[in-house]
Amino acid sequence: MKVKELTQWIEKKYPPQAAEDWDNVGLLVGDDEKEIHHVFLALDLTEETLFEAVEKGADMILTHHPMIFTNIRKINNHTFTGRKILTLIRKGISYYAMHTNYDVLGMAQLSADYLQLKDTSVLSVTEERDGKEEGFGRVGMLPKRMTLRECALFVKEAYKLNDVKVYGPLDMEVERAAVCTGAGKSMIEEALKNHAQVYVTGDIDHHTGIDTVAQGMALIDAGHYGTEYIFMEAMKEELVKAFPDMEVSCAKVKSPYTIL
């Protein structure tokens with residue numbers, strides 16, 4: 001199949017128009033007339049994941065986070081982004097990113113499903129599509145009432161993580177939770193307005209953590225990577241179902257940091 005056949009399918013389900021204005025989604029490198037046979041999925045296009053894709057013989061890479069966010073005035077081997085672009089072109093690999101459009105139309109409900117949230121609603125509404133509100137994150141009821149300690153361990157197990165960071169008294173009881181994958185601190189106000197007792201997200205800094213607890217809501221920082229690597233398997237499942245003759249593989253699941 002051609003690149004454009006795949007991208008048209010993606011954009012019908014996850015329209016680029018659903019992405020934030022500052023975002024950079026779509027076909028970032030490549031010729032959409034090119035024939036492809038093997039799609040490689042990754043959260044980020046690092047040099048390590050690019051090498052892995054090349055080793056596996058992929059001719060198209062699909063990531064969640066865009067490799068290119070800002071204007072590039074030079075493409076050469078002097079920068080890590082330049083080196084990756086040159087490698088993609090030399091190897092004939094097309095590269096596509098689906099970021100905040102997937103956050104809104106895919107990741108939000110996916111994350112709620114991982115936490116088994118019930119009676120969910122959109123945490124931060126960005127649009128209405130076919131009479132249904134869409135947006136970032138979800139808020140709903142946990143499978144059962146539990147302590148914050150139990151909830152943190154539940155989140156850790158659900159996402160298969162090595163660690164989580166918790167802000168708030170571990171013995172407090174929580175039942176109503178909000179979740180937003182990635183860096184979700186900008187939606188803390190929405191979580192508070194929706195009466196969440198605990199908010200699961202990533203990239204929480206010190207002051208945000210203590211200030212949120214002071215307002216009566218606990219935080220579980222499960223990490224940016226930890227809450228979003230689920231994109232890979234979810235998209236693989238969709239692609240295999242839609243294109244059974246195409247090979248689809250995923251980057252190795254590997255946290256970008258180590259706690260000693």
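Here, residue 1 is the first one in the sequence, and each next residue gets the next number.
Cluster annotation: Ile93 is not connected to Leu41 through the hydrophobic network of ILVMFWY side chains, with a link wherever side-chain heavy atoms come within less than 4.5 Å. If you chain together hydrophobic residues whose side chains sit under 4.5 Å apart, Ile68 and Met98 never meet in one group. Grouping the Ile, Leu, Val, Met, Phe, Trp and Tyr side chains by contacts below 4.5 angstrom, directly or via other members, places Tyr199 with Leu148. If you chain together hydrophobic residues whose side chains sit under 4.5 Å apart, Val125 and Leu105 never meet in one group. Note on Phe40: it does not cluster hydrophobically with Ile230, by side-chain heavy-atom contacts below 4.5 Å among ILVMFWY residues.
The shortest side-chain heavy-atom distance between Met235 and Tyr102 falls under the 4.5 Å cut-off. Residues Arg176 and Val139 are in side-chain contact: their nearest non-hydrogen atoms beyond the backbone lie under 4.5 Å apart. Under the 4.5 Å side-chain criterion, counting only non-hydrogen atoms from C-beta, Thr46 is not in contact with Leu50. Phe231 places none of its side-chain heavy atoms less than 4.5 Å from the side chain of Leu110. Side chains of Thr201 and Thr227 form no contact here, defined as non-hydrogen atoms less than 4.5 Å apart. By the 4.5 Å heavy-atom criterion applied to side chains, Val200 and Leu219 are not counted as neighbours. A 4.5 Å side-chain heavy-atom check between Leu88 and Leu45 finds at least one atom pair inside the cut-off. Residues Val174 and Met172 form a side-chain contact, since some pair of their non-hydrogen atoms from C-beta on lies under 4.5 Å apart.
Closest approach of Tyr225 and Lys252 over heavy atoms only: OH-O, 3.8 Å. Heavy atoms only, all atoms of each residue included: Thr63 and Leu43 are closest at CB-O, 3.8 Å. Residues Phe69 and Pro66 come closest through the heavy atom pair CZ-CD, 3.6 Å. The nearest pair of heavy atoms linking Cys151 to Met146 is CA-SD, 3.3 Å. Considering all non-hydrogen atoms of both residues, Arg138 and Leu123 come closest at N-CB, 3.7 Å. Scanning both residues, Met67 and Leu28, for their nearest heavy atoms gives N-CD1, 4.2 Å.
For the atom pair CZ (Arg90) and OG1 (Thr87), the distance works out to 6.0 Å, reported to the nearest 0.5 Å. Between the CD atom of Glu189 and the CG atom of Asn194 there is a distance of 11.5 Å, given to the nearest 0.5 Å. Rounded to the nearest 0.5 Å, atoms CG (Asp205) and CD1 (Ile210) are 9.0 Å apart. Between Leu86 atom CG and Lys84 atom NZ the span is 12.0 Å, to the nearest 0.5 Å. Note that CG of Asn24 is 9.0 Å distant from OG1 of Thr70, once rounded to the nearest 0.5 Å. One distance of note links SG of Cys180 with CD1 of Ile188; it measures 10.5 Å at 0.5 Å rounding.
When the shell of 6.0 Å around CD of Glu175 is examined, it contains more than 12 heavy atoms from other residues, nucleotides or ligands. Within 6.0 Å of NZ on Lys165 lie no more than 12 heavy atoms contributed by other residues, nucleotides or ligands. For NZ of Lys56, the number of neighbouring non-hydrogen atoms (other residues, nucleotides, ligands) closer than 6.0 Å is greater than 12. No more than 12 heavy-atom neighbours from other residues, nucleotides or ligands sit within 6.0 angstrom of CD on Glu157. Heavy atoms from other residues, nucleotides or ligands lying under 6.0 Å from CG of Asp211 number more than 12.
In terms of modelled atom types and a separation under 3.5 Å, the side chain of Lys236 and the main chain of Cys250 share no donor-acceptor contact. Between the Ser111 side chain and the Ala108 main chain, a donor and an acceptor come within less than 3.5 Å of each other. Between the side chain of Asp59 and the backbone N or O of His38 there is at least one donor-acceptor pair closer than 3.5 Å. Listed for the Thr212 side chain is a donor-acceptor partner under 3.5 Å among the backbone atoms of Thr208. Side chain of Asp23 to main chain of Ala19: no donor-acceptor pair is present (N/O by atom type, distance under 3.5 Å, no hydrogens or angles). Counting only distance, with no hydrogens or angles, the side chain of Thr100 and the backbone of Asp103 share no donor-acceptor pair below 3.5 Å. Judged by distance alone, with hydrogens and angles left aside, the side-chain atoms of His37 form no donor-acceptor pair with the main-chain N or O of Met246 at under 3.5 Å. Between the side chain of Glu133 and the backbone N or O of Glu128, no donor-acceptor pair lies under 3.5 Å. Formation of a donor-acceptor pair under 3.5 Å by the Asn101 side chain with backbone atoms of Tyr14 is found in this model. Side chain of Asp221 to backbone of Gly223: a donor-acceptor contact under 3.5 angstrom is found.
Residues that satisfy the ring pair (Phe, Tyr, Trp, His ring centres under 6.0 Å) test with Tyr159, not counting sequence neighbours, are Tyr114.
Looking at Asp163 and Lys156, no side-chain N of the basic residue comes within less than 4.0 Å of a carboxylate O on the acidic one, giving no salt bridge. A salt bridge between Lys13 and Glu238 is present, with a side-chain N of the basic residue lying under 4.0 Å from a carboxylate O of the acidic one.
For the salt bridge (Lys or Arg N to Asp or Glu O under 4.0 Å) condition, the pairs that include at least one residue of residues 38-51, sequence neighbours left out, are Glu47-Arg83, Glu48-Lys254. Among residues at least two apart or in separate chains, there is no ring pair (Phe, Tyr, Trp, His ring centres under 6.0 Å) pair with a member in residues 121-150.
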key: Verdict with supporting geometry, Tyr96 and Glu11, side chain to side chain donor-acceptor pair (under 3.5 Å)   = CA-CA 11 Å; Tyr96 189 97; Glu11 292 176 1; 2.8 Å; yes
query = Glu20 and His99: side chain to side chain donor-acceptor pair (under 3.5 Å), yes or no, with the steps?
reply = CA-CA 9 Å; Glu20 295 288 274; His99 189 207; over 6 Å; no
ask   = Run the salt bridge (Lys or Arg N to Asp or Glu O under 4.0 Å) check on Arg129 and Glu134 step by step: do they pass?
value = CA-CA 7 Å; Arg129 184 179 296 275; Glu134 298 288 359; 5.6 Å; no
Step-by-step salt bridge (Lys or Arg N to Asp or Glu O under 4.0 Å) determination, Lys2 to Asp32 = CA-CA 7 Å; Lys2 292 186 177 181; Asp32 67 4; over 6 Å; no
message = One pair to check against side chain to side chain donor-acceptor pair (under 3.5 Å): Thr147 and Glu173. What are the steps and the verdict?
response = CA-CA 4 Å; Thr147 65; Glu173 293 194 337; over 6 Å; no
